[in-house]
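Before any comments, here is the structure.
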Amino acid sequence: RRLSVEGTERTREDPLGSLVRAYHQTESLVKRNEAFNAFVKLRDSTPGFSTIFREVPNGYSGPDKGRSIVGFVGGEKKTYVTSSDEMAQVLRQEGVATIPGIGPAMQLFKELITSRNPAFLVGNTMIDAPTAVFRIASDAGGAHKIPEAIYEVVRGYIDATKGITTGTFKDADLAQYLKSGGGMGGRTYDETAKRGMESVEDLMRTGHPLAINSVADARRMILDIARMEPVVALAERGELGPRLAAYRMAKKRGLSEAQSVVAGRDVTVDFMDGGTYVKWLNQVIPFLNPAVQGAAYIPRVVAANPKGAASVAAVGLVAPTIVAEIWNNSDPQRAKDYRDVPNYMKNRGLIWMLPGKAPINERGEREPQFHVVNLRQLAVVPSITRKLMQDAVGEDTQS
């Protein structure tokens, strides 16, 4: 009852809903204080770190009060001040400021065309898989690791779907990866009485999720289908497949739990990465932050393992592009059809002209048939390779 507030919906809150909300509040404070203590330990063990993170008296009101952080060390209240605005935001667990009205609306728009869109689910999986193989094999040492990386990615997708019908993660490695911090954030907890009760209803639901034992179950199932919740569940598992593969490969290489989790988060794009301003603008400009992170993807992979990345790029990207270019230009008609493929399509990745006679449309024009292997941020390598080959044979059509 002490959690209720007179005159609000919380006065009518179910006791179990209050317990769920109270537990979340308590756990958030515990995690925040764990992070605080980690920085205190870092300060005590690292020479020079005290200039960045210094202790001040409790109740400090100096000029840099805005960067003060309060926590408990051994049960004793302590106050520290950092010279970094970003560090203060992290230790306080402050999120990016939400633009009223626009932020939530844009989030819904992005969900409708991504995680709640079956077409995006299939397309994104086809893009993430080669990207993950490239990163995993590069980190593991080079092109000779490509077969193992492919095997682990396929295995990761399969194992990530285990338990999907019950809303659980049955694979032990995946459960450990998520427990250690490998999740991509997902939906944030809404500290309202309504959400607390929804959590209780989820926990009280018995039997198979598809079972209908009451009118409430039937209503919930209809709403879930209308909101494309099954697609959201599949999208979540598809996102976790490559990350599970990278996590397992990192563990095989003898990396620590924390390093292995980071390998899983970085295997494609870590959606929690991003600067303050870009994340703020991402609320207005859809997918700005993933685009910025994607642009930095190849430099980060190369910086982590230059030799491994170079050999994987040579075998996995350059060689297939050369083979495709030879095939696409090996027949006069096929070469002509290939030249008609728009550059914006070619620059998406690998283009493979399909054999057979091209169909004729209603305007009497040939419609070349081709397959595109969409490589997203990796597409720059095939694009450069094609450009160099065109220059070499004098067929360059671009300045």
Side-chain angles (χ1 to χ4, degrees), residues 28 31-32 34-36 38-39 42-43 49 51-54 60 62-71 79-117 120 124 127-128 131 135 181-191 235-236 239 242-243 258 261-304 347-348 375-380:
S28 296
K31 293 299 181 184
R32 175 177 168 178
E34 285 179 356
F36 176 82
F39 274 83
L42 183 63
R43 174 188 180 277
F49 195 72
T51 60
I52 303 173
F53 192 66
R54 73 181 193 278
Y60 176 77
D64 47 3
K65 179 183 178 182
R67 293 192 297 272
S68 63
I69 306 103
V70 178
T79 303
Y80 283 80
V81 169
T82 173
S83 59
S84 166
D85 291 330
E86 290 78 10
M87 189 185 295
Q89 290 172 357
V90 168
L91 287 172
R92 290 172 175 171
Q93 295 185 356
E94 296 175 348
V96 177
T98 302
I99 302 175
I102 297 178
M106 188 60 68
Q107 181 62 31
L108 175 61
F109 167 72
K110 289 188 286 189
E111 284 188 9
L112 289 174
I113 63 176
T114 56
S115 61
R116 299 181 189 274
N117 181 353
F120 176 84
N124 192 59
I127 298 172
D128 277 352
T131 305
R135 180 63 190 260
M184 287 289 103
R187 303 173 208 172
T188 57
Y189 184 83
D190 181 10
E191 293 190 15
E236 179 185 27
E239 188 68 39
R243 302 187 189 282
V261 169
V262 170
R265 294 183 66 97
D266 287 346
V267 70
T268 52
V269 171
D270 186 344
F271 298 108
M272 302 300 287
D273 267 352
T276 302
Y277 302 119
V278 171
K279 279 193 172 183
W280 189 83
L281 287 171
N282 191 63
Q283 298 176 77
V284 184
I285 307 172
F287 313 110
L288 173 65
N289 190 52
V292 171
Q293 299 303 318
Y297 182 82
I298 288 185
R300 287 171 176 167
V301 176
V302 173
N347 290 334
R348 290 172 64 185
L375 296 173
R376 199 179 277 152
Q377 55 263 49
L378 300 180
V380 63

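If you read the sequence from its start, that first residue is 1, and numbering goes on from there. Bear in mind that the values here come from a model prediction, so they are computed numbers and not experimental data.
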Residues two or more places apart in sequence or in another chain: which of them pass ring pair (Phe, Tyr, Trp, His ring centres under 6.0 Å) with Y297?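 If we apply the ring pair (Phe, Tyr, Trp, His ring centres under 6.0 Å) test to Y297, skipping adjacent residues, there are no hits.
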Which atom names give the shortest non-hydrogen contact between [X] and [Y], and what distance separates them?
| X | Y | answer |
| --- | --- | --- |
| D85 | R67 | OD1-CD, 2.9 Å |
| D128 | P242 | CB-CG, 4.4 Å |
| S68 | V81 | CB-CG2, 3.9 Å |
| N117 | L112 | CB-O, 3.5 Å |
| V269 | Q377 | CG2-NE2, 3.8 Å |
| F287 | K110 | CZ-CG, 3.8 Å |

Taking the side chain as every heavy atom from C-beta outward, state whether [X] and [Y] have any atom pair closer than 4.5 Å.
| X | Y | answer |
| --- | --- | --- |
| T82 | L91 | no |
| E239 | T268 | yes |
| L375 | T131 | no |

Sequence neighbours excluded, which residues qualify as side-chain hydrogen bond (donor to acceptor under 3.5 Å, both in side chains) partners of Q293?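 side-chain hydrogen bond (donor to acceptor under 3.5 Å, both in side chains) list for Q293, sorted by chain: R300.
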With S83, which residues qualify under side chain to side chain contact (heavy atoms under 4.5 Å, CB included), at least two apart?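 For S83, the residues satisfying side chain to side chain contact (heavy atoms under 4.5 Å, CB included) (neighbours in sequence not counted) are I52.
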Side chain to side chain contact (heavy atoms under 4.5 Å, CB included) partners for L288, two or more places apart: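 Applying side chain to side chain contact (heavy atoms under 4.5 Å, CB included) to L288 gives V278, L281, N282, I285, V292.
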Apply side-chain contact (heavy atoms from CB on, under 4.5 Å) to N124 and R376, showing your working. CA-CA 10 Å; N124 192 59; R376 199 179 277 152; 2.7 Å; yes
Sequence neighbours left out, what pairs pass salt bridge (Lys or Arg N to Asp or Glu O under 4.0 Å) with at least one residue falling in residues 269-294?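 For residues 269-294, and leaving out neighbouring residues, the salt bridge (Lys or Arg N to Asp or Glu O under 4.0 Å) pairs sorted by first residue read R265-D270.
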Could you tell me the separation between the CZ atom of R243 and the CG atom of D266, rounded to the nearest 0.5 Å?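 R243 atom CZ to D266 atom CG measures 8.5 Å (nearest 0.5 Å).
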Got a second to check how far E111's CD is from R116's CZ, nearest 0.5 Å?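 The CD atom of E111 sits 4.5 Å away from the CZ atom of R116.
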Give every residue pair that meets the ring pair (Phe, Tyr, Trp, His ring centres under 6.0 Å) criterion with at least one member in residues 80-114, sequence neighbours excluded.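 Checked against ring pair (Phe, Tyr, Trp, His ring centres under 6.0 Å) - neighbours excluded - the pairs reaching residues 80-114 are F36-Y80, F53-Y80.
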